[in-house]
K.L.:
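Take a look at this one; I'll ask things after.
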Amino acid sequence: MTPAERIVAYFTACNSGDAGSVAAHFTADAVVYDTNVRPARGRDDIGAMWAAVGRRWGAAQWSVDSVVESGDGSSAAIEWSMVGTDR
């Protein structure tokens with residue numbers, strides 16, 4: 001799976017609201033830092049955190065607006081958007 005494919009699959013999992021689907025994209029020792037929530041540590045915590053964020057924002061939906069991959073396909077940068085309703 002290319003970095004761009006992984007990113008799209010990850011955002012699709014986030015949109016599902018299913019913690020397990022999100023968690024599948026991370027390793028047991030992964031950490032996600034987000035300015036809006038405490039750091040999420042480990043795949044299960046990360047999955048639960050994103051599922052909670054989705055619920056908090058009224059079934060939030062994320063979209064990948066653009067992806068730029070490195071020439072060798074080893075990394076990528078993205079621009080993304082989220083829509084939801086603050087509850």
Side-chain angles (χ1 to χ4, degrees):
M1 184 177 286
T2 68
E5 291 167 336
R6 170 67 69 191
I7 290 165
V8 170
Y10 167 67
F11 275 81
T12 299
C14 290
N15 288 335
S16 77
D18 180 68
S21 295
V22 174
H25 291 276
F26 293 90
T27 61
D29 61 348
V31 180
V32 168
Y33 296 95
D34 186 285
T35 59
N36 296 305
V37 295
R38 65 173 177 74
R41 300 179 187 283
R43 67 171 55 101
D44 293 336
D45 194 30
I46 293 167
M49 183 264 301
W50 282 122
V53 168
R55 287 189 305 274
R56 183 199 184 285
W57 286 94
Q61 292 291 293
W62 291 267
S63 61
V64 177
D65 300 326
S66 61
V67 178
V68 178
E69 286 190 274
S70 63
D72 64 1
S74 65
S75 60
I78 67 168
E79 180 179 20
W80 57 272
S81 301
M82 183 198 91
V83 295
T85 303
D86 188 10
R87 293 183 178 204

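Everything numeric in this text was worked out from a predicted model, so none of it was measured.
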K.L.:
Would Asp34 and Trp50 count as a side chain to side chain contact (heavy atoms under 4.5 Å, CB included) here? Give the steps.
P.N.:
CA-CA 11 Å; Asp34 186 285; Trp50 282 122; 3.6 Å; yes
K.L.:
If two hydrophobic side chains count as joined below 4.5 Å and joins carry through other members, does Trp57 share a cluster with Val83?
P.N.:
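Shared cluster, no.
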K.L.:
With sequence neighbours left out, write down each residue that passes side chain to side chain contact (heavy atoms under 4.5 Å, CB included) with Asp65, or none if nothing qualifies.
P.N.:
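Once residues adjacent in sequence are excluded, the partners of Asp65 under the side chain to side chain contact (heavy atoms under 4.5 Å, CB included) criterion are Ser63, Glu79, Ser81.
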K.L.:
Check step by step if side chain to side chain contact (heavy atoms under 4.5 Å, CB included) holds for Tyr10 and Val22.
P.N.:
CA-CA 6 Å; Tyr10 167 67; Val22 174; 4.0 Å; yes
K.L.:
Any idea which heavy atoms bring Asn15 and Trp62 closest together, and the distance?
P.N.:
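Nearest heavy atoms, Asn15 then Trp62: OD1-N, 2.6 Å.
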K.L.:
Using a 4.5 Å cut-off on heavy atoms from C-beta on, say whether the side chain of Glu69 contacts that of Ile7.
P.N.:
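No, their side chains stay 4.5 Å or more apart.
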K.L.:
First locate atom CE of Met49, then atom CZ of Arg41, and finally report the distance between them rounded to the nearest 0.5 Å.
P.N.:
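Here the interatomic distance stands at 11.5 Å.
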K.L.:
Looking only at heavy atoms, what is the nearest atom pair of Ala76 and Val67, with distance?
P.N.:
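Ala76 and Val67 have their closest heavy atoms at CB-CG1, 4.2 Å.
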K.L.:
At their closest point, which heavy atom of Pro39 faces which heavy atom of Val31, and how far apart are they?
P.N.:
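It is CB-CG1, 4.3 Å.
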K.L.:
Do Val32 and Phe26 pass the side chain to side chain contact (heavy atoms under 4.5 Å, CB included) test, and can you show the C-alpha distance, the side-chain angles, and the key distance before you say yes or no?
P.N.:
CA-CA 10 Å; Val32 168; Phe26 293 90; 3.8 Å; yes
K.L.:
Nearest heavy-atom pair of Ala23 and Arg43: which atoms, and what distance?
P.N.:
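Here Ala23 and Arg43 meet closest at CB-O, 3.2 Å.
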K.L.:
With distance as the sole test, does Ser75 use its side chain to make a donor-acceptor pair with the main-chain N or O of Ser70 at under 3.5 Å?
P.N.:
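Absent.
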K.L.:
With hydrophobic residues grouped by side-chain heavy-atom distances under 4.5 Å, do Val68 and Phe11 end up in a single group?
P.N.:
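No, because Val68 and Phe11 fall into different hydrophobic clusters, even though each may have its own neighbours under 4.5 Å.
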K.L.:
Taking all atoms of both residues into account, what is the closest heavy-atom pair of Arg6 and His25, and its distance?
P.N.:
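Arg6 and His25 have their closest heavy atoms at NH1-ND1, 3.1 Å.
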